[in-house]
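Here is the structure we will look at, set down as structure tokens.
Computed over heavy atoms, backbone and side chain alike; hydrogens, waters and symmetry mates excluded.
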Amino acid sequence: MNTEFVRYLELLSEMYPTIDAASTEIINLQSILNLPKGTEHFLSDIHGEYASFSHVLRNGSGAVRKKIDDVFGHTLSKQDKCSLASLIYYPREKIDFVKRQGADMKNWYKIMLYRLIEICKVVSSKYTRSKVRKALPTAYAYIIEELIAEKPEILNRGAYYDSIVNTILEVGVAEKFIVAMAELIQRLVVDHLHVLGDIFDRGSGAARIMDRLCSYHSLDIQWGNHDVIWMGAAAGNTTCIANIIRNSIRYGNLDVLEDSYGINMLPLATFAMTTYENIDCGCFALKKRGSHDMDIYLEMKMHKAITIIQLKLEGQLIAKHPEFEMDNRCLLHRIDFEKKTVNIDGIIYSMKDIDFPTVNKDNPYELTDREAEVMEKLREAFIHCEKLQKHTQLLLKKGGMYKTYNGNILFHGCMPLNEDGSFKEMIIDGRAYSGKSLFDVFEEYCRKALLSLDHEQRKNGGDILWYLWNGPNSPLFGRTKMSTFERYFIEDENSHLEGKNAYYNLIEDDETANKILSEFGLDETGHIINGHVPVHQSEGENPLKCGGKMIMIDGGFSKAYHKLTGIAGYTLTYNSYGLTLTAHEPFESVEQVIRNDKDIVSNQVAVQQNANRVIVGDTDNGKRMKKNIDDLKELIKAYRLGTISEKEK
């Protein structure tokens, strides 16, 4: 054995100090390799819609209902299955509802306990007892383990289970056991969660979603452009901060900033109230109102004030980074204030509003002293917001620009392509990047923005986070421009158009799809899975592209998209039997689920059915386990040869 490998084995021996310890771990790993692969759950574009997100987590995109069908087949009516499903999704609320109906609760508790026991047995069967034990609620772990474990040594198992259930009823803890078992089913029915970006903006529940993800048992996150702009704000980038505040006001989400994250909007409100007191703000109507009591006209003034600040800051940032090639998005200096027009890409457009009291025509991108003061106060609030920093750390720890997982490539938006299908290049810090290397260098800069000790690296990283929000070569954006200026100030809707990257036209081409898979080290049997673009089912658009090789799963959680898409989006599951795409109806309320046993899963389509059931040994994790087994065998060999000595027991 070479010296480096011996040193590695010596480190391994700290964990497995004897032949017996190493042998036990080999046996344990070998047994796991032959278990069925756990279910992966894919969500995208949650956009702050906590209620819909929470429900999809609870129902596992139909995985819970399928387990009920598997266990009870035709022995339960459709209504009973739906009622059982709603109990698993919302156990506390369902128990309260049944109580209000005047049911015989003792009999109902007993029936539900037995049904939940049977489902628990099935959902836990693909895991080791050790893994199940870790998922059990501490207070009732021993009893639940007794109820769901097979005990062939007991001759009268019916009487054994009856005695436990009857005791649960007698001591008055049936409700707690039902809640514990329902939550265990939710926990075990999905082994791993993939979130393909855009957790933030639009809806008001982003902070609650992030709190939920902080405690989720196993997940990864692929950053979306709506996530990186929040990361940039957490890093103190004022351009990102201005974008977030503008978006929050526009969509009536100031509550997210003020209540969820404790960001004080008073500096902006005070500035807007005085500076824009007699200024026309008619172009700055809100998409929706929040739940706070702020005067709508003040909100419109704040909306206009932060938009002008954003346009100025973006102009400064673009001038600082010519490699971004976004000079065409600097429009303040292209305004003819006398003619009330603007020149965009050589076309003269009439403007609806040129009443900009803080814009200096000779230096339009310079902040006034008061604007700079407002932004500095907001910057301090963002970088010192403990909750936002905690959520950003989760995005760093669990997230990235992309993820290869069990033969599939996951990213939020697109692979930037030229019209001929070649990977689009971008110059960053004097070097050209394209394909996977472009994703990698973007991720490197993103992490520097929040983790580097070097001030300049943090600043440049923050600028990259803004670029990823809306840059033409951003894999998270995938469009030629973000027409913020045009949508506010120009009536002609032709100016609002945002051209899509060639990826969205070429992805139906088999050669293109295979080229992208190969770029990430995957073969042609893999899938490209991304979100970002809502699928317009009402217009006949199919989320499966290139014969199912590419799957677009924009979750469509945001209510703003429902009229356009005709549904509430798609999610995906991947279990030992194959890939299943699920379409969802809009989520109405928890009360509808409880009262009417109404779910939101409207249609499930098999994307890929495996000829043979996939086991853990076939997965990426299984490959790592096999490598660990080989290393442990080498450790045992070293113990027996005397190269390494066993430790004392």
Side-chain angles (χ1 to χ4, degrees), residues 28 31-41 57-77 80-91 94-95 107-169 173-192 217-218 573 575-577 613-616:
N28 176 51
S31 66
I32 295 172
L33 290 174
N34 293 296
L35 290 170
K37 171 193 174 299
T39 298
E40 298 171 49
H41 193 190
L57 275 196
R58 292 168 188 267
N59 75 4
S61 289
V64 169
R65 181 56 195 271
K66 184 170 188 313
K67 292 300 180 186
I68 293 172
D69 287 335
D70 291 344
V71 172
F72 295 106
H74 298 293
T75 62
L76 284 184
S77 68
D80 282 342
K81 290 177 183 177
C82 290
S83 182
L84 180 57
S86 66
L87 173 65
I88 293 171
Y89 305 154
Y90 302 100
K94 186 70 173 183
I95 290 169
N107 187 51
W108 186 83
Y109 288 147
K110 192 167 188 176
I111 292 169
M112 292 305 120
L113 280 168
Y114 277 113
R115 289 176 180 174
L116 292 172
I117 289 167
E118 292 305 311
I119 297 170
C120 275
K121 286 180 181 178
V122 172
V123 298
S124 63
S125 64
K126 64 166 61 178
Y127 303 113
T128 62
R129 286 195 180 186
S130 173
K131 187 166 184 175
V132 173
R133 195 173 292 123
K134 289 174 185 175
L136 294 172
T138 305
Y140 306 114
Y142 174 74
I143 303 301
I144 293 176
E145 190 170 7
E146 287 295 299
L147 289 169
I148 66 178
E150 292 296 331
K151 291 187 171 292
E153 71 276 10
I154 296 175
L155 297 178
N156 191 343
R157 276 180 282 177
Y160 179 72
Y161 294 134
D162 283 344
S163 67
I164 296 176
V165 170
N166 287 332
T167 303
I168 290 171
L169 294 168
V173 292
E175 289 185 16
K176 292 181 179 179
F177 259 86
I178 287 172
V179 171
M181 296 188 78
E183 292 177 347
L184 177 64
I185 292 166
Q186 290 181 35
R187 160 68 178 79
L188 293 178
V189 82
V190 170
D191 187 48
H192 188 82
H217 57 273
S218 180
T573 54
N575 60 22
S576 57
Y577 296 103
R613 196 173 185 189
V614 178
I615 59 174
V616 172

Please indicate whether Y142 has more than 12 foreign heavy atoms, meaning atoms of other residues, nucleotides or ligands, lying under 6.0 Å from its OH.
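No, because the 6.0 Å sphere around OH of Y142 holds 12 heavy atoms or fewer from other groups.
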
Is it the case that over 12 heavy atoms from other parts of the model lie below 6.0 angstrom from the OH atom of Y577?
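No.
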
Note, [X] side chain near [Y] side chain (heavy atom, < 4.5 Å):
X: L184; Y: L136; value: yes
X: Q186; Y: L57; value: no
X: I615; Y: L33; value: no
X: L116; Y: L84; value: yes
X: Y140; Y: L147; value: no
X: P91; Y: E175; value: no
X: I143; Y: V173; value: no
X: I95; Y: Y109; value: yes

State which residue, out of K66, K67, R65, fulfils the salt bridge (charged side-chain N to carboxylate O under 4.0 Å, His left out) condition with D69.
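Filter result, single survivor: R65.
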
Candidate list D80, L87, I88, V71, test side chain to side chain contact (heavy atoms under 4.5 Å, CB included), partner R115, passing option
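In the set D80, L87, I88, V71, the residue that makes a side chain to side chain contact (heavy atoms under 4.5 Å, CB included) with R115 is D80.
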
Where is the tightest heavy-atom contact between [X] and [Y], given as atom of each residue plus distance?
X: Y127; Y: V190; answer: OH-C, 4.3 Å
X: D191; Y: S218; answer: O-CB, 3.4 Å
X: M181; Y: C120; answer: CE-SG, 3.7 Å
X: I144; Y: P137; answer: CD1-CG, 3.9 Å
X: P36; Y: V616; answer: O-CG2, 3.7 Å
X: R58; Y: Y89; answer: NH1-O, 2.7 Å

Rounded distance (nearest 0.5 Å) linking atom [atom1] of [X] with atom [atom2] of [Y]:
X: L169; Y: I164; atom1: CG; atom2: CD1; result: 12.0 Å
X: C82; Y: L76; atom1: SG; atom2: CG; result: 11.0 Å
X: E145; Y: S124; atom1: CD; atom2: OG; result: 9.5 Å

Would you check, one step at a time, whether the test side-chain contact (heavy atoms from CB on, under 4.5 Å) holds for N166 with K110?
CA-CA 8 Å; N166 287 332; K110 192 167 188 176; 3.1 Å; yes

Mind running side-chain contact (heavy atoms from CB on, under 4.5 Å) on F177 and I117 for me, showing each step along the way?
CA-CA 10 Å; F177 259 86; I117 289 167; over 6 Å; no

Okay, side chain of K126, backbone of L35: is any donor-acceptor separation there less than 3.5 Å?
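Looks like no, no N/O pair under 3.5 Å.
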
Quick check against the 3.5 Å criterion: does H217 have a side-chain atom that pairs as donor or acceptor with the backbone of L188?
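Between the backbone of L188 and the side chain of H217 there is no qualifying donor-acceptor contact (under 3.5 Å).
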
Applying salt bridge (Lys or Arg N to Asp or Glu O under 4.0 Å), can you list everything that pairs with R187, at least two apart in sequence or on another chain?
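Applying salt bridge (Lys or Arg N to Asp or Glu O under 4.0 Å) to R187 gives none.
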
